Amino acid sequence: MSTPENPAPTQSPTEPAHRYTPALAGRIEERWQDLWEERGTFYAANPSGALTDGAGEHAGTGQPFFIMDMFPYPSGAGLHVGHPLGYIATDVVGRFRMMCGDNVLHALGYDAFGLPAEQYAVQTGQHPRTTTEQNIVTMKRQLRRMGLAHDERRSFATIDPEYVRWTQWIFLQIFDSWYDTDANRARRISELEAEYEAGTRALPDGRSWADLSDAERRDVVDAQRLAYVDESPVNWCPGLGTVLANEEVTADGRSERGNYPVFTKSLRQWKMRITAYADRLTDDLELIDWPEKVKSMQRNWIGRSTGANVRFDVVGASDHDAAGAGAQVEVFTTRPDTLFGATFMVVAPEHPLLDEVPAAWPDGTHGVWTGGYATPIEAVAAYRSEAASKTAVERQADAGKKTGVFTGHLAVNPVNGSTVPVFTADYVLMGYGTGAIMAVPGGDQRDFDFAEAFELPVVHTVEPAGGLPPEHVGAYTGDGVAVNSTNDEVSLDGLGVADAKERIVAWLEAKGAGEGTTTYRLRDWLFSRQRYWGEPFPILWDADERPVAVPADMLPIDLPDVPDYAPRTFEPDDVDSSPEAPLGRNDDWVHVTLDLGDGPKRYRRDTNTMPNWAGSCWYYLRYLDPTDATDGPAEGTAVVDPELETYWLGPRHNATSGAAGGVDLYVGGVEHAVLHLLYARFWHKVLLDLGYVTSIEPFGTLFNQGYIQAYAFVDDRGQHVPAAEVAEGPGPDGEPQYTWNGQVVQREYGKMGKSLKNVVTPDEMYEQYGADTFRVYEMSMGPLDLSRPWETRAVVGSQRFLQRLWRNVVDEETGEVTVTDDAPDAATLRAMHRAVADVRVEMEHMRPNTAIAKLITYNNHLTGLDRVPRSAVEPLVLMVAPIAPHIAEELWHRLGHDASLAREPFPVADEQYLVEDTVTCVVQVKGKVRGRIEVSPSVSDADLEAAALAEPNVVRAIDGAPVRKVIVRAPKLVNIVV
RNA sequence: GCCCCGGUAGCCCAACCGGCAGAGGCAAUCGGCUCAAACCCGAUCCAGUGCGGGUUCGAAUCCCGCCCGGGGCACCA
């Protein structure tokens, strides 16, 4: 077995024995990876407990710095070169922070439950646990070979029973909570019961607690839990055989995963009351350092909008039958100031008002309103069934086209007593606001379109200064002042929009006709799935079909063996199908007899599993305290030791941590903007309310990395051809042309994927270049947040850089270290300190691409020297270390240092070498460069101006014209205006 | 339709608060090394910053209006 010091002879006899070849790089890399592991080099020290650093010490004076990657899904397909980009970036930051003296915590776990793992297992006919664990082993090997500075002791997978235990434990905490809107936080169910018992809190429906049976009391409480079961319309996806959360359904009504149709079906399902946190989830975005794009996506998804609920009396109907007599319809509007312009109403087709409609059309019904039907009953029934049968896709396609029908109901506008017709139309959604709107065609384009189609009157109640131009057609949605908005008691005329809103809301509230309110687009999170590969719910159903929490000491509830773990799926468009949970297939598991303190009883286990998001909702906490309760409080009842949470995550736990605390750097793709990131924030806030954490937000700083894209090539038949075998050459017109086996192929730009035949794997890169070269290339391709194309042939540039670095220290022929102990010359000193100063700035701002450029520049300077001074190259080796750690460790070692450089201080520039002896001053005439003069950096404005005016080329350019103005920016620039 | 990001050399990308358009890499060309080639070393070539206006002594950078590419949202009252 050869060692890096004594490499095996290379194939080619002419190749120097000690050249930095891929083979040598590989030996160096694997040796250091073993050494780091043996020494525990990257062990992060907790302030107390079992986890110390590699030397057995607890956390010292270094600032805690917690770095995280969005953890991977161990796919069966293996990694391609695009996947590790973020992992390398966080590794570079982590190693850099370590060299800056921070106590860095960086580890990687695996998100291993979920649909793809299950589907892969079904395909290969194996148990999901088998395939998932195999995939994790493969992925760990690929990632280890990259040399990531992770604390391996803190790695885990969400499928580990010890992890599942805590996922289920958190679920039970949420189940055991309700939201106190007065205190604006979650509290324990026992406190709710105590307040009901004491009579200090009224029951929602006004009944008396004392009068209720035990069963009734449980129903009251169960309905208020943050994790609750209810029957309501949910997203049912027959193609996947499970229900889905709103966040998992695309805008055109298909499943995000698998792209199957999704139908609305009323089912009894578990939900999480995330809506209780809508305000805090919106407001606290102010406290964290996230990309504005992600923040706005979250705000958008939560969709807070303030306005008013206004009640319209429904009239007229009583003349025909009893339906609706004395009834009211409540609408939500963000523009109560336009109430005087409401000339009709629209309710969603599913609105309960339509359950009974008048038997005959009232007087004054326009022909166009009826849709040709003889009675409102027929018209509404027809429209409702038409709307119900419309798929989300069709509805989407029809957006903008206004359909609807008059319901026969008339309502009274509370501000002016005018009678307005009530229509139903599918442009009003039952799921938003109250499912009913007041239509103001003068102020809303959608209402205007509807009014035009149905010949309804238009009243403008807002006008811009100077009034609407006579040629104005359509709604006026701009700013302006109220007009036509006066009744006997209140007038809005002349008020701006904000003032008008305030005045009319006050009037509505005084009249009892409405009140100011806030609505949200966010819905409660549908939390149950009818799949096998997920966490079972720690819930038992008693004989009365009421839920009972499994005691914490009985956790985890393991997945049962079932004869078939494939989900029961259906034809993707089978609307009438219903979910069937695979866990129900094991009768022995489902039915249990347990003594929960009131004697042995029969229970039925909940057969749902949790969504994939559950495990990723709290994994950041697991990194802090990965050894379960052994590190925690004596009873072992908390998900994370409070001391560790405060140390790593608490508000202002280091110099850059904000008031919300949280992970110091969280890197991942933007695709989780509203799913994982919203759910995790919600769980974190529940844990905060219950006192388990002190940080207000889980992720203090978020960074979205770009994607590595790739070119793919297709032939005439549209078939992809292997990208690696495509040749590029000039075509007949001089433009680049691509050929494969002699035939011309077309180039496409996009993802890297098996079916596109353009996958490049990290393993190939290790083999052909080594891990360090691969790392340097990925980091030098461009800024981290930009997507860019992979180009294997360009990797050689990074390899050349490392080879030159190697040769600056080691003789390729003999393997001898060639550095001298001579003092560097002045130019080298200046170049070195310039590089040190610049590289530090680039690293601090997470710009490895420009840091590498400056390292290359300095390395090239050293290459030009006859002998490289040790003191000139050692700082370079240290600065390279975060990006290419193996070669840096090896050179550091060969330069005579016994210890790893992982915690050597990152070089600091000496100011005195940063000032140049002279600087080149540019002299412009009318903004154009006409001359250059060498001057002292400390030259005075006056001297510089005089020198500039004397410069021969400048004199020629001025050509005797009178000088009007001279702008001097000493010492770099003079601009002469003539 | 609305919102966000981007457009600089053949390609990937730099350019701080407006101050010489170029740090780095790839490719190409030439030269050196070599019996020769590859590797390696050295050098050269290449854009006036997507388009049109404006502000300024001076604009890749700031403002206005467009074009192209990528992403997000989309009958949310």
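This one's a predicted model, so the numbers in the text were calculated from it and none came from an experiment. Lettering follows sequence order; numbering is per chain, from 1.
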Item to check | Within residues 329-342 of chain A, residues whose heavy atoms come under 4.0 Å of RNA chain B | outcome: A/Phe332, A/Thr333, A/Thr334, A/Arg335

Checklist entry - Between A/Lys751 (NZ) and B/G70 (C1'), how many Å, whole number? => result 13 Å

Next on the checklist: I'd like to know if the side chain of A/Lys501 reaches the main chain of A/Ala308, judged simply by a donor and an acceptor atom lying under 3.5 Å from each other, with no hydrogens or angles considered.
Outcome noted: no

Item to check | Inter-nucleotide C1' distance (B/G48, B/G31), Å rounded | outcome: 30 Å

Next on the checklist: Determine whether a donor-acceptor pair (N or O, by modelled atom type, separation under 3.5 Å) exists between the side chain of A/Asn758 and the backbone of A/Gly753.
Outcome noted: yes

Checklist entry - Rounded to whole angstroms, how far apart are OH on A/Tyr432 and P on B/C75? => result 12 Å

Checklist entry - A/Tyr738 and A/Arg747: side-chain donor and acceptor closer than 3.5 Å? => result yes

Item to check | Base-pairing mate for B/A15 - Watson-Crick or G-U, with both contacts under 3.5 Å | outcome: none

Checklist entry - Which residues in residues 839-847 of chain A have at least one heavy atom lying under 4.0 Å from any atom of RNA chain B? => result none

Checklist outcome for this item: Of B/C12, B/G19, B/A77, the nucleotide closest to the side chain of A/Asn975 is B/G19

Checklist entry - Taking atom C1' in both B/G58 and B/A21, what distance in whole Å separates the two? => result 14 Å

Item to check | Among B/C57, B/C26, B/A77, the nucleotide that comes nearest once only the side chain of A/Val977 is considered | outcome: B/C57

Item to check | A/Val249: side-chain contact (heavy atoms from CB on, under 4.5 Å) partners, not counting sequence neighbours | outcome: A/Asn235, A/Leu244, A/Val262

Checklist entry - When you compare B/G18 with B/A28, how far apart are their C1' atoms, in angstrom units rounded to a whole number? => result 35 Å

Checklist entry - Which whole number of Å gives the distance between the C1' atom of B/C46 and that of B/G6? => result 24 Å

Item to check | Watson-Crick or G-U wobble partner of B/G1, both distances under 3.5 Å | outcome: B/C73

Checklist entry - Considering only the C1' atoms, how many Å lie between B/A27 and B/C11, rounded to the nearest integer? => result 7 Å

Next on the checklist: At less than 3.5 Å, do the side-chain atoms of A/Lys972 and the base atoms of B/C20 form a donor-acceptor pair?
Outcome noted: no

Item to check | Nucleotide nearest A/Val922 when distance is taken to its side chain, options B/C13, B/C20, B/A77 | outcome: B/C20

Checklist entry - In the structure shown, which nucleotide is the Watson-Crick or G-U wobble counterpart of B/C26, with both distances under 3.5 Å? => result B/G10

Next on the checklist: Does A/Gln445 have more than 12 heavy atoms from other residues, nucleotides or ligands lying within 6.0 Å of its CD?
Outcome noted: yes

Next on the checklist: Does B/C39 count as syn, meaning its glycosidic angle lies within 90° of 0, or as anti?
Outcome noted: anti

Checklist entry - Is it true that A/Arg299 and A/Glu292 make a salt bridge, defined as a side-chain N closer than 4.0 Å to a carboxylate O? => result yes

Checklist entry - Is B/G69 in the syn range, within 90° of 0, or in the anti range? => result anti

Item to check | Sidechain N-carboxylate O distance under 4.0 Å for A/Arg311, A/Glu515 | outcome: yes

Checklist entry - If you measure from the C1' atom in B/C5 to the same atom in B/A77, how many Å do you get, rounded? => result 30 Å

Item to check | Sugar-phosphate, base or nothing in reach of A/Ile852, heavy atoms under 4.0 Å | outcome: nothing

Next on the checklist: Any base atoms under 4.0 Å from A/Ser787, or only sugar-phosphate, or nothing? Heavy atoms, all strands.
Outcome noted: sugar-phosphate

Next on the checklist: Counting only side-chain nitrogens and oxygens, does A/Asn849 get under 4.0 Å of the OP1 or OP2 atom of B/A14?
Outcome noted: yes

Checklist entry - Using atom C1' of each nucleotide, how far apart are B/C13 and B/U55 to the nearest Å? => result 30 Å

Checklist entry - Picking from A/Phe454, A/Phe312, A/Phe450, what satisfies ring pair (Phe, Tyr, Trp, His ring centres under 6.0 Å) with A/Phe344? => result A/Phe450

Item to check | CG-CE distance between A/Leu677 and A/Met297, expressed to the nearest 0.5 angstrom | outcome: 9.5 Å

Item to check | Touch class at under 4.0 angstrom, heavy-atom based, for A/Asp785 against every strand present | outcome: nothing

Checklist entry - Of all residues at least two apart in sequence or in a different chain, which pass the side-chain contact (heavy atoms from CB on, under 4.5 Å) check with A/Arg847? => result A/Val841, A/Glu842, A/His845, A/Asn849, A/Thr850

Checklist entry - When rounded to the nearest Å, what value does the distance between P atoms of B/G50 and B/A15 take? => result 15 Å

Checklist outcome for this item: Which of B/C20, B/C26, B/G72 is nearest the side chain of A/Gln924? It is B/C20

Next on the checklist: Counting only side-chain nitrogens and oxygens, does A/Arg800 get under 4.0 Å of the OP1 or OP2 atom of B/C40?
Outcome noted: yes

All N/O pairs under 3.5 Å across the protein-nucleotides 1-6 of chain B interface:
none

Checklist entry - Counting N and O atoms only, with roles assigned by atom type, does the side chain of A/Tyr711 sit under 3.5 Å from a partner on the main chain of A/Glu791, one being a donor and the other an acceptor? => result no

Item to check | Which nucleotide in B/A77, B/A23, B/C39 has an atom nearest any side-chain atom of A/Thr857 | outcome: B/A23

Item to check | Value rounded to 0.5 Å, distance of CZ in A/Phe801 from CH2 in A/Trp806 | outcome: 14.0 Å

Checklist entry - Between A/Gln803 and A/Lys965, which has a closest nucleotide on RNA chain B that is more 5'? => result A/Gln803

Item to check | Donor-acceptor pair under 3.5 Å, A/Arg932 side chain vs B/C20 base | outcome: yes

Next on the checklist: What's the closest nucleotide to the side chain of A/Ser305 if the choices are B/C13, B/A77, B/G25?
Outcome noted: B/A77

Next on the checklist: Please check: side-chain N/O of A/Thr343 versus main-chain N/O of A/Val458, any donor-acceptor pairing under 3.5 Å?
Outcome noted: no

Checklist outcome for this item: Taken in chain and number order and not counting sequence neighbours, the residues that satisfy ring-ring contact (aromatic ring centres under 6.0 Å, His included) with A/Trp290 are none

Checklist outcome for this item: Atom CG of A/Asp838 and atom C1' of B/A14 are separated, to the nearest Å, by 12 Å

Next on the checklist: Reading RNA chain B from 5' onward, which residue's closest nucleotide shows up sooner: A/Met297 or A/Met438?
Outcome noted: A/Met297

Item to check | Sidechain-backbone polar pair: A/Ser787 side chain, A/Gly706 backbone, donor-acceptor under 3.5 Å | outcome: no

Checklist entry - B/C12 phosphate, OP1 or OP2: any side-chain N/O from A/Arg793 under 4.0 angstrom? => result no

Item to check | Atom-pair distance (CZ on A/Arg804; P on B/G24), nearest Å | outcome: 11 Å

Item to check | Spacing of A/Tyr520 atom OH relative to B/A77 atom P, expressed in whole Å | outcome: 14 Å

Checklist outcome for this item: Answer for the Watson-Crick or wobble partner of B/U49, both distances under 3.5 Å, is none

Item to check | Contact under 4.0 Å: A/Asn860 side-chain N or O vs B/G25 OP1/OP2 | outcome: yes

Checklist entry - Within this structure, what is the CH2-to-P distance between A/Trp790 and B/G25, rounded to whole angstrom? => result 18 Å

Item to check | Protein-nucleotide distance (A/Lys854, atom NZ; B/G25, atom P), rounded to Å | outcome: 13 Å

Checklist entry - To the nearest angstrom, how far is A/Phe801 atom CZ from B/C39 atom P? => result 20 Å

Item to check | Side-chain N or O of A/Arg969 closer than 4.0 Å to phosphate OP1/OP2 of B/G18 | outcome: no

Checklist entry - Taking the side chain from A/Thr407 and the backbone from A/Val422, do they hold a donor-acceptor pair closer than 3.5 Å? => result yes

